[in-house]
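Here the structure is laid out as structure tokens; the discussion comes afterwards.
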Amino acid sequence: RAFEVGLKIAGSSQLPFPPARAYALMQDPAILAKAIPGCQSLEKVAEDEYRLNMKMILASLSGVFEGKVKLTEPVPPTSFRMVVEGSGKIGFMKGEGVLQLAEKDGGTEVSYEGDAQIGGTMAAVGQRLIDVTARLLIKRFFETLSAEPVS
């Protein structure tokens with residue numbers, strides 16, 4: 001484990017649906033598979049647990065990751081915890097965070113806060129680039145979610 005980078009992730013995004021709909025979308029594996037950038041497959045392996053296959057691109061590195069996504073501590077429609085871990089040729093990542101949903105301006109504000117560890121070759125690209133990439137992936141995730149039909 002020569003390289004390992006820790007990452008704090010926090011922010012919020014606005015979705016154009018009421019909290020119950022936003023919550024349901026974020027629990028739906030078909031929707032998550034579309035919204036997670038680079039996701040190639042997301043398959044249910046247990047209650048609230050999914051096997052994830054995704055292509056990760058970071059600077060000049062790219063590789064396929066295999067891992068899992070677990071949704072825990074559900075409090076519909078206001079919050080849940082998401083735990084993600086994966087590894088591939090270019091390294092590993094694991095992270096978890098809490099997503100909180102609140103009604104705002106006719107839609108839902110999703111606030112998130114969490115931590116991630118990135119290791120292996122990927123971590124060698126540096127903290128700043130990993131930071132920027134993580135923010136971009138989160139932004140894309142919520143943009144894709146926002147584009148879902150309202151009902």
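We number each residue from 1, following the sequence as shown.
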When hydrophobic residues are tied together by side-chain contacts of less than 4.5 Å, even through go-betweens, does F80 share a cluster with V98?
no
Applying the 4.5 Å side-chain criterion to the ILVMFWY set and letting contacts propagate, would M54 and I31 be lumped into a single cluster?
yes
Trace of the side chain to side chain contact (heavy atoms under 4.5 Å, CB included) decision for I130 with L58:
CA-CA 8 Å; I130 289 172; L58 184 62; 4.0 Å; yes
When rounded to the nearest 0.5 angstrom, what distance separates [atom1] in [X] from [atom2] in [Y]?
{"X": "E4", "Y": "M122", "atom1": "CD", "atom2": "CE", "value": "10.5 Å"}
{"X": "E109", "Y": "E103", "atom1": "CD", "atom2": "CD", "value": "12.0 Å"}
{"X": "K44", "Y": "L42", "atom1": "NZ", "atom2": "CG", "value": "10.5 Å"}

Measure across [X] and [Y] and return the closest heavy-atom pair with its distance rounded to 0.1 Å.
{"X": "I118", "Y": "M93", "answer": "CD1-CB, 3.8 Å"}
{"X": "M26", "Y": "L15", "answer": "CE-CD1, 4.4 Å"}
{"X": "F3", "Y": "A123", "answer": "CB-CB, 3.6 Å"}
{"X": "L129", "Y": "A59", "answer": "CD2-CB, 3.3 Å"}

Would a distance-only check, ignoring hydrogens and angles, find a side-chain to backbone donor-acceptor pair under 3.5 Å from [X] to [Y]?
{"X": "D105", "Y": "G107", "value": "no"}
{"X": "Q127", "Y": "L7", "value": "no"}
{"X": "Q14", "Y": "K104", "value": "yes"}
{"X": "T108", "Y": "L101", "value": "no"}

For the CD atom on Q117, are there more than 12 heavy atoms of other groups (residues, nucleotides or ligands in this structure) within a distance under 6.0 Å?
yes
Contacts of A24 meeting side chain to side chain contact (heavy atoms under 4.5 Å, CB included) (sequence neighbours excluded), chain-then-number -> none
With a cut-off of 3.5 Å and sequence neighbours excluded, list every side-chain donor-acceptor pair involving residues 61-78.
| residue | atom | partner | partner atom | Å |
| --- | --- | --- | --- | --- |
| E73 | OE1 | R81 | NE | 3.4 |
| E73 | OE2 | R81 | NE | 3.1 |
| T78 | OG1 | V75 | O | 3.0 |

Donor-acceptor contacts, no H, no angles, side chain residues 134-141, under 3.5 Å, sequence neighbours left out:
| residue | atom | partner | partner atom | Å |
| --- | --- | --- | --- | --- |
| R135 | NH2 | D131 | OD2 | 3.1 |
| K139 | NZ | E143 | OE2 | 3.0 |

Beyond-backbone contact of V84 with K94, side-chain heavy atoms, under 4.5 angstrom:
no
Please assess F142 against Y112 for the test ring-ring contact (aromatic ring centres under 6.0 Å, His included), listing each intermediate value before the final yes or no.
CA-CA 11 Å; F142 283 111; Y112 50 87; 5.7 Å; yes
Contacts of type side-chain hydrogen bond (donor to acceptor under 3.5 Å, both in side chains), residue D48, not counting sequence neighbours:
none
Contacts of Y50 that satisfy ring pair (Phe, Tyr, Trp, His ring centres under 6.0 Å) - sequence neighbours left out
none
Would you list the atom pairs, donor with acceptor, under 3.5 Å between side chains in residues 34-41 and any protein atom, with sequence neighbours excluded?
| residue | atom | partner | partner atom | Å |
| --- | --- | --- | --- | --- |
| K34 | NZ | E148 | OE2 | 3.0 |

